[in-house]
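Below: one structure, written as structure tokens.
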Number of protein chains: 2
Amino acid sequence: MTSTMLAECADCPIRHRAVCALCEPHELTLLEDIKYYRQFAPGDTIVWAGEKLDFVASVVTGMAALNRTMEDGRRQITGLLLPSDFLGRPGRSSVRYDVSAISDVSLCCFRRKPFEDLVESTPHIGQRLLEMSMDELDAAREWMLVLGRKTARERIASLLAMILQRETQAKPADAGSALRIDLPLSREGIADCLGMTLETVSRQLSHLKRDGVIQLEGRRTVLIPDMDQLLLEAADDADGGVLD
Amino acid sequence: MTSTMLAECADCPIRHRAVCALCEPHELTLLEDIKYYRQFAPGDTIVWAGEKLDFVASVVTGMAALNRTMEDGRRQITGLLLPSDFLGRPGRSSVRYDVSAISDVSLCCFRRKPFEDLVESTPHIGQRLLEMSMDELDAAREWMLVLGRKTARERIASLLAMILQRETQAKPADAGSALRIDLPLSREGIADCLGMTLETVSRQLSHLKRDGVIQLEGRRTVLIPDMDQLLLEAADDADGGVLD
DNA sequence: CGCCCGATTGACAGTTGTCAAGGAGCGTGG
DNA sequence: CCACGCTCCTTGACAACTGTCAATCGGGCG
């Protein structure tokens with residue numbers, strides 16, 4: 001199955017959230033001309049830090065991580081890419097971090113140079129890109145509070161809450177049913193996200209389970225009986241209120 | 001001295017680095033029409049989190065901090081604003097964090113609504129804004145590694161290196177002379193930046209001094225005899241190499 | 001059925017936080 | 001001009017949280 005023969009943009013699951021969200025139909029065709037799809041398996045490295053990157057892309061499905069690694073092996077995940085998130089930076093042909101696929105990832109790639117030209121010539125793309133980077137900047141700053149000031153237990157709760165909120169904003173949850181997270185990350189991945197060790201992650205998950213905040217089903221599924229309590233555990237005052 | 005009667009944009013110290021950097025003279029006049037200056041003293045709060053903000057602004061001189069505070073008082077500085085940095089977000093009239101002046105700050109403010117219109121109508125402003133947010137995003141992600149994975153000693157060294165690099169890129173240093181930092185931050189401010197306590201900050205500064213990595217002159221001045229050693233202490237592999 | 005990888009749990013150590021007691025610089029007022 | 005007091009900083013002793021090392025567990029796959 002060649003991945004290049006794929007649906008029209010009009011049918012795309014991320015059409016209204018990705019970098020193309022504000023595009024008019026005629027702008028969309030311009031993007032369509034320079035796009036192609038690529039797939040990655042869990043663990044694949046999509047780009048290495050410093051390597052030339054001849055495309056930018058939207059994540060269509062799956063999850064990817066941006067990670068910085070120190071020479072002695074310490075690693076920090078500095079961002080998670082979920083469907084509709086944007087990878088790469090117009091005006092710069094390399095990134096400062098590795099990007100790796102966590103689950104099966106499919107990317108909608110745009111050839112770099114033509115895309116950069118479109119950013120210049122098509123206001124709606126640049127505008128959306130600006131919105132998205134500012135959202136990411138807010139999220140990154142939010143995460144700095146988690147990394148700098150929260151306890152291990154609060155970090156775990158914060159991560160679960162964040163994933164849940166990003167997923168339910170993608171596809172609004174079936175209210176009523178207990179909230180469920182299928183973690184794409186291993187314990188080590190969680191640890192690298194939260195600036196802890198995998199052992200601490202495991203212990204805190206066990207504690208949260210013991211205290212009834214979460215339930216564990218297998219190794220990768222977390223059930224949240226009470227979202228409010230999770231947010232309480234996350235010590236999150238920002239209740240995701242709408243800003244304008 | 002009313003601060004509204006101030007120099008022309010052409011004479012502005014941040015003319016070529018701020019949000020107006022890419023503007024042509026005629027675009028500059030559009031900005032000039034909607035700008036005004038404001039001053040803040042150290043400790044002043046420029047905006048409270050969640051409060052309406054009827055302007056966006058460039059920092060002209062001084063330093064400001066973005067900080068998130070938790071209900072129990074834990075605080076994290078999630079960004080430092082230096083001259084030419086941008087404050088606020090077009091398309092959103094409030095911010096999620098307090099912004100406070102660390103030193104004497106002067107802002108070049110633009111009234112929100114007209115500025116947003118200019119972002120739409122004047123490509124060079126939107127483009128520059130995009131560049132700047134992506135730079136900030138990269139910096140924020142860099143900082144996540146500091147907060148998540150570095151030791152107390154490495155964090156101090158990283159902060160000093162960061163301030164030094166941002167200042168020397170503003171005004172290239174007189175090579176030869178020992179590098180000097182006039183810290184605008186108190187020990188507590190440093191701690192809130194680095195996710196530590198002020199006691200740990202003080203101890204690590206003493207240790208770095210004992211080990212000859214830095215010299216302290218008074219409470220706010222740090223001398224760096226050897227920048228390479230500082231970077232070594234920061235465990236920073238990214239040596240600030242130029243990216244394209 | 002057994003191996004292998006990821007996860008859990010335990011024991012212990014180390015870094016950093018907490019609490020507390022000085023110490024130094026600076027401005028104000030006598 | 002000096003003294004006082006205030007704030008910020010430094011340093012010490014101790015505690016707590018998290019990291020390290022190691023053993024065990026358990027599910028999935030050959």
Side-chain angles (χ1 to χ4, degrees), chain A residues 41-43 70 72-76 102-103 145-160 181-211 214-222 233 235, chain B residues 41-43 65 70 72-76 100 102-103 145-160 181-211 214-222 233 235:
Chain A
M70 295 171 65
D72 59 8
R74 280 176 284 175
R75 198 170 76 113
Q76 176 67 45
I102 293 175
S103 54
L145 178 66
V146 173
L147 294 177
R149 291 304 189 187
K150 291 195 179 179
T151 65
R153 183 180 174 105
E154 290 166 343
R155 290 183 201 205
I156 297 282
S158 297
L159 179 67
L160 295 176
I181 301 175
D182 286 300
L183 277 179
L185 290 161
S186 67
R187 298 294 185 264
E188 189 181 10
I190 297 174
D192 288 337
C193 227
L194 297 174
M196 323 191 295
T197 60
L198 67 92
E199 291 94 333
T200 303
V201 169
S202 185
R203 270 187 257 275
Q204 295 300 334
L205 281 171
S206 300
H207 293 168
L208 287 170
K209 175 184 174 187
R210 180 198 60 194
D211 298 342
I214 63 174
Q215 293 162 27
L216 297 175
E217 217 180 80
R219 325 196 121 160
R220 294 292 184 104
T221 302
V222 183
E233 291 288 349
Chain B
M70 295 171 65
D72 60 7
R74 280 176 282 176
R75 197 169 76 115
Q76 176 66 45
S100 60
I102 293 174
S103 53
L145 178 68
V146 173
L147 294 176
R149 290 304 189 188
K150 291 195 180 179
T151 65
R153 184 180 174 105
E154 290 166 343
R155 291 183 199 205
I156 297 284
S158 297
L159 179 67
L160 295 176
I181 302 176
D182 286 301
L183 275 180
L185 290 161
S186 68
R187 297 294 185 266
E188 188 181 9
I190 297 174
D192 288 338
C193 229
L194 296 174
M196 324 193 293
T197 59
L198 66 94
E199 291 94 333
T200 302
V201 170
S202 185
R203 269 187 258 275
Q204 295 300 336
L205 281 171
S206 299
H207 292 168
L208 287 170
K209 175 184 173 187
R210 179 198 61 195
D211 298 342
I214 63 174
Q215 292 161 28
L216 297 174
E217 215 180 79
R219 323 195 125 162
R220 295 293 183 101
T221 302
V222 182
E233 291 287 349

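Here is the naming used below: chain letters follow the sequence lines, and residue numbers restart at 1 for every chain.
- Using a 4.0 Å heavy-atom criterion, one finds that B/Ser186 contacts the sugar-phosphate atoms exclusively.
- On a pure distance criterion of 3.5 Å, no polar donor-acceptor pair joins the side chain of B/Glu199 and the base of D/dC9.
- Tested against A/Ile156 for a side-chain contact (heavy atoms from CB on, under 4.5 Å), the candidates A/Leu208, A/Thr200, A/Ile214 yield a single pass: A/Leu208.
- Note: B/Glu199 CD to B/Gln204 CD = 12.5 Å, rounded to the nearest 0.5 Å.
- Atom CG of B/Asp192 and atom P of D/dC8 are 13 Å apart (whole Å).
- For B/Arg219 against D/dC8, a side-chain N or O and a base N or O form a donor-acceptor pair under 3.5 Å.
- Regarding contacts with the backbone of D/dC17, every side-chain N or O of A/Thr151 stays at 4.0 angstrom or more from both OP1 and OP2.
- One can place CD of A/Gln204 at 16 Å from P of C/dA7, the figure rounded to the nearest angstrom.
- Separating the CZ atom of A/Arg149 from the C1' atom of C/dT16 is a distance of 12 Å, rounded to the nearest angstrom.
- Listed candidates were C/dT16, D/dG19, C/dT18. Nearest to the side chain of B/Thr197 is C/dT18.
- How far CD1 of B/Ile181 is from CG of B/Leu159: 7.5 Å, rounded to the nearest 0.5 Å.
- Distances shown here put every side-chain N or O of B/Arg203 at or beyond 4.0 Å from the OP1 or OP2 atom of D/dT10.
- Checking the phosphate oxygens (OP1, OP2) of C/dG17, a side-chain nitrogen or oxygen of B/Thr200 falls inside 4.0 Å.
- Using a 4.0 Å heavy-atom distance criterion, B/Gly195 is classed as a sugar-phosphate-only contact.
- Atoms CZ (B/Arg220) and C1' (D/dC9) sit 10 Å apart, rounded to a whole Å.
- To the nearest angstrom, P of C/dT18 lies 12 Å from CD of B/Glu188.
- Following rounding to the nearest Å, B/Leu205 (CG) and D/dC8 (P) show an atom-to-atom distance of 17 Å.
- Atoms CE and CZ, on A/Met196 and A/Arg155 in that order, are 6.5 Å from each other to the nearest 0.5 Å.
- Looking at the side chain of A/Arg187, the nearest of the listed nucleotides C/dT8, D/dG19, C/dT9 is C/dT8.
- Between B/Leu147 atom CG and C/dT16 atom C1' there is a gap of 15 Å when expressed in whole angstrom units.
- The CG atom of B/Asp211 sits 4.5 Å away from atom CZ of B/Arg153, with the distance rounded to the nearest 0.5 Å.
- For the pair A/Arg153 and B/Leu216, both in contact range of DNA chain D, the more 5′-proximal nearest nucleotide belongs to B/Leu216.
- For the pair A/Met196 CE and D/dA16 P, the computed distance is 21 Å after rounding to whole Å.
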